Amino acid sequence: MTNLPGFTESLKQLIASPSISSMQKSWDQGNQDIIHLLATWFEQLGFSISIHPVPGTENKFNLLAKLGSGEGGLLLAGHSDTVPFDENRWLSDPLTVTSKDDKFYGLGTCDMKGFFAFILEACKSLNAKKLAKPLYILATADEETTMAGARFFAQTQDIKPDVAIIGEPTSLVPVIMHKGHMSHRITVQGQSGHSSKPSLGVNAIEIMYQVIGELLSLKEKMAINYCNQSFDVTSPTLNLGAIKGGDNANRICGHCELDLDMRSLPGMTDAELIALLGEALAPLAEKYPNRISFDELHPSSPSFAQEQPCEFTSFAEEISGHKCCAVNYATEAPFIQQLGCQTLVLGPGSIDQAHQPNEFLSFSEIDKTNCLLTTLINKYCF
Ligand SMILES: [Zn+2]
């Protein structure tokens with residue numbers, strides 16, 4: 001017989017197994033412990049387990065667990081990593097689940113290790129012998145930084161479930177659409193020199209000032225030319241995120257860098273956004289030859305839209321009791337959708353608590369989530 005932990009205990013073990021993803025090396029961790037934990041649990045329930053190292057990462061793995069055989073079925077997907085935490089701003093240890101005021105506090109309780117504790121609970125009562133279609137569980141690596149795990153999964157897997165749920169915290173509201181995300185660095189190469197002789201140098205900050213002017217007009221143009229009323233921020237966005245340049249007040253600034261991100265609406269491609277950037281900067285590139293360049297900071301994430309009307313969305317609306325909606329943040333949904341399945345983002349906990357100190361999952365979501373997952377499994381696998 002199995003020796004599986006109860007819901008609270010499995011949540012505790014998941015949270016206690018740190019798997020932080022960060023672009024800062026000092027924070028970044030592998031996820032082998034949590035992947036091993038999930039493998040051990042789902043194996044006991046009869047799932048076949050495959051674990052794949054994610055190329056380009058250190059000690060990061062995707063796990064796919066499969067119960068049953070045949071075509072179609074249901075995929076329940078989530079990421080096994082979390083963001084870093086600011087220890088001084090937490091009221092409890094972020095890696096120890098603490099129950100207080102009808103909430104479980106801990107890093108990843110809602111975003112989104114908690115989802116795997118729910119899946120485990122739902123799978124305990126399954127009669128595997130009666131499954132008509134397969135049930136898949138996917139735990140990815142590195143969602144919080146590069147989405148390398150989901151990208152790799154989409155490129156290499158040939159499974160084709162009928163439907164997929166990404167259990168990100170949506171307060172159990174079915175999400176059918178989100179924006180894409182890309183980040184770029186604009187670099188201005190000037191010519192340094194003594195500040196008393198401006199004509200001997202080329203001031204990179206002064207050129208960047210003009211670059212920023214062009215970017216701000218691009219931002220306004222995008223707000224006028226593109227609109228999707230499903231979003232509360234209805235246009236694509238452009239954010240000037242970080243700037244660095246020069247070293248001393250008495251030197252002409254020789255080098256300046258600006259990091260920005262853009263969030264596209266569904267239907268806009270990366271190429272379209274890059275073309276808009278290129279057009280905006282073209283007059284300055286002509287005025288200052290070979291001084292302005294832009295490069296991708298990390299691979300972009302596409303926008304996501306589940307085509308409507310779709311039976312899966314209607315069913316999710318019915319069982320969750322919520323109308324579907326669009327959100328501004330990005331998820332792994334566009335990669336999972338590449339498998340060819342109807343895809344929704346739908347999970348317990350609120351995005352308002354994600355990436356925050358004192359992240360929590362409310363007790364009030366437990367029964368609803370259990371019921372939702374059981375209903376989904378029954379509908380698509382039996
Ligand atoms: Zn997440």
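Indexing begins at 1, ligand by ligand and atom by atom, following the structure's order. Values below: every heavy atom of this structure, side chains too, minus hydrogens, waters and symmetry copies. This one's a predicted model, so the numbers in the text were calculated from it and none came from an experiment.
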Margin query: Tell me whether His36 at atom NE2 has more than 12 heavy atoms from other residues, nucleotides or ligands lying less than 6.0 Å away.
Written below: no
Checklist line | 2.8 Å cut-off met by an N, O or S atom of Asp111 to the Zn ion (ligand 1) | finding: yes
Notebook entry, point to check: Which N/O/S atom belongs to His79 and is the closest one to the Zn ion (ligand 1)?
Noted result: NE2
Checklist line | N/O/S from Glu168 sitting under 2.8 Å away from the Zn ion (ligand 1) | finding: yes
Checklist line | Ser264 side, atom OG; Asn228 side, atom CG - distance, nearest 0.5 Å | finding: 11.0 Å
Checklist line | Donor-acceptor contact present, side-chain Arg291 to main-chain Gly190, <3.5 Å | finding: yes
Notebook entry, point to check: Does a salt bridge link Lys103 with Glu359, judged by any charged N lying under 4.0 Å from a carboxylate O?
Noted result: no
